[in-house]
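In what follows, a single structure is set out as structure tokens and then discussed.
Note that the numbering runs from 1 along the sequence shown for the chain. Keep in mind that this is a model prediction, so the values were computed, not measured.
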Amino acid sequence: PGDATEGADELTVALTASRTVRPSESGTSSDDRLLGVGLRALRIVPRDPPVVAAGQMIPVDRDNVPPRLLWEGWHPPEDWGCWSNGADATLRLRVEPPPQDGFLVQLDLAALPDPQPVTLRVNGQERPSRLTVTGRNIWPVRGGSSAQGDLTLNLHVPMPYNPAAI
């Protein structure tokens, strides 16, 4: 969080394992180390969302998706766009100028083979679920964004589609 790092020139990350293991206790290894977290890499990701102009359609295909727009729950973008990875996915962006008195969220979606309701939350405000269609899907939002125009959009689909299952 910004308040935890503001003015700091050093960042300390502490990891706690809920369970540890000593490989030698399994009887299949002579490794007597006490193991907790296996750290392979570390990346510090800026949390600032991409800035977009109000009214601008933002492409999410492989070559055009803004950095940090696809925040959580997304597969890598493809040539046509991007699939969510599971039931929940989050987008983050900053709109300039910030919406003040309500606005529309328009998502150009690829609908699933079996239509199901999709729920959208905007900055925590849940919008009514709707059956989505391929193409334009619009949710009205009352009120404005944050003072800076920050929007967090959470999408929820109750039964994610798995093409391998058919």
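- The hydrophobic cluster containing L69 does not contain V51, counting ILVMFWY residues as joined when their side-chain heavy atoms lie under 4.5 angstrom apart, directly or transitively.
- Considering every non-hydrogen atom in both W74 and W83, the closest pair reads CE3-O, 3.5 Å.
- Taking both residues in full, the closest heavy atoms of A17 and G36 are given as CB-CA, 3.9 Å, listed atom of the first, atom of the second, then distance.
- From R92, atom CZ reaches atom CG of N123 across 9.5 Å, with rounding to the nearest 0.5 Å.
- Side-chain contact of N154 with T90: a donor-acceptor pair under 3.5 Å is present, judged by distance alone.
- Within the 4.5 Å cutoff, no side-chain heavy atoms of L35 are placed close to those of R22.
- Separation of atoms CD (Q106) and CE (M57) is listed at 4.5 Å; rounding is to 0.5 Å.
- Within a 6.0 Å sphere centred on CZ of R33, other residues, nucleotides and ligands contribute 12 heavy atoms or fewer.
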Could you walk me through whether V95 and F103 pass the side-chain contact (heavy atoms from CB on, under 4.5 Å) check?
-> CA-CA 11 Å; V95 180; F103 52 95; over 6 Å; no
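- L155 contributes atom CG, which lies 5.5 Å from atom CG of L120 (distance to the nearest 0.5 angstrom).
- Under a cutoff of 6.0 Å and an axis angle of 45°, R127 and W139 do not form a cation-pi pair.
- In terms of modelled atom types and a separation under 3.5 Å, the side chain of D31 and the main chain of P23 share no donor-acceptor contact.
- When every heavy atom of A89 is checked against every heavy atom of G73, the shortest pair comes out as CB-O, 3.4 Å.
- Nearest approach of P117 to S129, heavy atoms of both residues: CB-CB, 3.9 Å.
- For N137 (side chain) and G135 (main-chain N/O), a donor-acceptor pair under 3.5 Å exists by modelled atom type.
- Rounding to the nearest 0.5 Å gives a distance of 5.5 Å between CG of L153 and CG of L93.
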CA sep, side-chain torsions, deciding dist, call: L70, V65, side-chain contact (heavy atoms from CB on, under 4.5 Å) = CA-CA 8 Å; L70 303 174; V65 64; 3.9 Å; yes
Report the C-alpha separation of L151 and R94 in whole Å, then their side-chain angles, then the decisive distance to 0.1 Å, and conclude whether the side-chain contact (heavy atoms from CB on, under 4.5 Å) test is met.
-> CA-CA 6 Å; L151 293 176; R94 178 171 291 154; over 6 Å; no
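- The line from OG1 of T134 to CG of L109 is 8.0 Å long, rounded to the nearest 0.5 Å.
- Atom-to-atom distance recorded for H75:NE2 and C82:SG is 8.0 Å, nearest 0.5 angstrom.
- Closest approach of P160 to G86, counting heavy atoms only: CG-C, 3.5 Å.
- Residues P49 and R68 fail the side-chain proximity criterion, which asks for heavy atoms closer than 4.5 Å.
- Counted by atom type alone, D32 and S24 present one or more donor-acceptor pairs between their side chains at under 3.5 Å.
- When the side chains of ILVMFWY residues are joined at heavy-atom separations under 4.5 Å, either directly or via intervening members, L107 and I58 end up in a single hydrophobic cluster.
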